[in-house]
Visitor: 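Submitted below is the structure of interest, expressed as structure tokens.
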Amino acid sequence: PASPIIAPSILAADFSRLGEEARAVEAAGADWLHIDVMDGHFVPNITLGPDIVKALKPHVKIPFDVHLMIAPVDPYIEAFAQAGADIISVHPESGPHLNRTLKLIRQMGCKAGVVFNPSTSPSVIEWMMDEIDLILVMSINPGFGGQKFMRSQLAKIEKLREMIDATGRDIPLEVDGGVTPETAPLCLQAGATALVAGTAVFKGGPSAYAANIAALRGG
Ligand code: DX5
Ligand code: ZN
């Protein structure tokens, strides 16, 4: 299989030097930059908003993979699109009308992603596949980095792989949470094509990023 897309999560970066950190992971071989947006309401943590995304944008060329953990989400889609998001992913639980939210993301010129919490069933997108450009499976409960990978989610990745294959479209299947050189192969075997990693990329500081990213690709 092709080398997976690696999307370092800046949640694990040094927040006092975000621009440098983004440039460092890009130089180390990252494909996308994963940006975790949390509101202290949808998830029990607060991170950053569109102004930070906008400030980061000129620092790197790689696509911004923006993971919104905020509710309600619709009022903020435009701001993140204008700030430079390339992909915007939303949780079905973050608004009353997933179809409307996905259409709004595409109208704003971004790719539209759907994120699955560990308890969320693949069936929520059964009638929505045409509206989706990316699928993100959480292998932890969202809110914090550094948590343990939930193997219970591997069967869900397999199920979503089948659903994607049935469309005939090349929809990236991304996994987020506890992804390490040990758990990455499990995700890829189950059909994932993109891996988010915070701790596993940023541990050891900038001099370790290239080796950390290579390790996630399989060495
Ligand atoms: C958690 C975030 C993840 C997190 C992953 O809610 O969505 O992107 O940063 O961190 P690690 O890789 O440390 O589990
Ligand atoms: Zn994330």
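Start at 1 and go down the list; that is how both ligands and their atoms are numbered. Quick caveat: nothing in here was measured; it's all calculated off a predicted structure. Heavy-atom basis, side chains included; hydrogens, waters and symmetry copies ignored.
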Visitor: Counting only heavy atoms from other residues, nucleotides and ligands, does the tally under 6.0 Å from CD of E158 exceed 12?
Guide: yes

Visitor: Is the shortest N/O to N/O distance between M69 and ligand 1 below 3.5 Å?
Guide: no

Visitor: Begin with the C-alpha distance, continue with both residues' side-chain angles, and end with the deciding distance and a verdict on salt bridge (Lys or Arg N to Asp or Glu O under 4.0 Å) for D31 and R217.
Guide: CA-CA 11 Å; D31 300 293; R217 292 191 201 280; 3.1 Å; yes

Visitor: Hydrophobic clusters here meaning ILVMFWY residues chained together by side-chain heavy-atom distances under 4.5 Å, can you tell me if F149 and V201 are in one?
Guide: yes

Visitor: Mind checking whether H67 and H91 have parallel, tilted or perpendicular rings, split at 30° and 60°?
Guide: parallel

Visitor: Examine G146 against ligand 1 and note whether any of their N/O atoms are separated by less than 3.5 Å.
Guide: yes

Visitor: Measure the distance from atom 6 (O) of ligand 1 to every protein heavy atom, then report the residue, atom name and distance (to 0.1 Å) of the closest one.
Guide: G143 N, 2.8 Å

Visitor: State the atoms of ligand 1, each with its element, that fall below the 4.0 Å cut-off from a heavy-atom position in G177.
Guide: 14 (O)

Visitor: Does F64 have K57 sitting over its ring (NZ/CZ under 6.0 Å from centre, angle to axis within 45°)?
Guide: yes

Visitor: To the closest 0.5 Å, what do you measure between CG (L173) and CG (L136)?
Guide: 9.0 Å

Visitor: When you check the gap from the basic side-chain N to the acidic O, do K103 and E131 get nearer than 4.0 Å?
Guide: yes

Visitor: Go through ligand 1 atom by atom and flag the ones less than 4.0 Å from a non-hydrogen atom of H34.
Guide: 8 (O)

Visitor: At less than 4.0 angstrom from any non-hydrogen atom of H67, what atoms of ligand 1 do you find?
Guide: 7 (O)

Visitor: Is the contact between S9 and ligand 1 made by the side chain, the backbone, both, or neither, using heavy atoms and a 4.0 Å cut-off?
Guide: side chain

Visitor: Restricting to N, O or S atoms of D176, which is nearest to the Zn ion (ligand 2)?
Guide: OD2

Visitor: What's the atom name of the N, O or S in D36 nearest to the Zn ion (ligand 2)?
Guide: OD1

Visitor: Under 4.0 Å from a heavy atom of F144: give me the atoms of ligand 1 that qualify, with their elements.
Guide: 1 (C), 6 (O)

Visitor: Looking at G145, which atoms of ligand 1 are within less than 4.0 Å of one of its heavy atoms?
Guide: 10 (O), 13 (O)

Visitor: For T120 and E93, which I'm curious about, is there any donor-acceptor pair between the side chains at under 3.5 Å?
Guide: yes

Visitor: Give the numbers and elements of all ligand 1 atoms closer than 4.0 Å to a heavy atom of A197.
Guide: 12 (O)

Visitor: Using a strict threshold of under 4.0 Å (side-chain N to carboxylate O), is an ion pair present between D14 and R17?
Guide: yes

Visitor: Taking N or O atoms only and a 3.5 Å limit, does D36 qualify as a polar contact for ligand 1?
Guide: yes

Visitor: Out of V115, V37, T199, D176, whose heavy atom sits nearest atom 8 (O) of ligand 1?
Guide: D176

Visitor: Quick check on the hydrophobic clustering: are I87 and L104 connected, directly or via other members, by side-chain heavy-atom contacts under 4.5 Å?
Guide: no

Visitor: Taking only heavy atoms of V196 into account, list the atoms of ligand 1 that are under 4.0 Å away from them.
Guide: 8 (O)

Visitor: Against heavy atoms of M138, which atoms of ligand 1 measure under 4.0 Å?
Guide: 7 (O)

Visitor: Out of the N/O/S atoms in H67, what is the name of the one closest to the Zn ion (ligand 2)?
Guide: ND1

Visitor: Closest by any non-hydrogen atom to atom 12 (O) of ligand 1: pick that one out of A12, G198, G178.
Guide: G198

Visitor: Same cluster or not: are V196 and I164 linked, directly or through other Ile, Leu, Val, Met, Phe, Trp or Tyr residues, by side-chain heavy atoms under 4.5 angstrom apart?
Guide: no

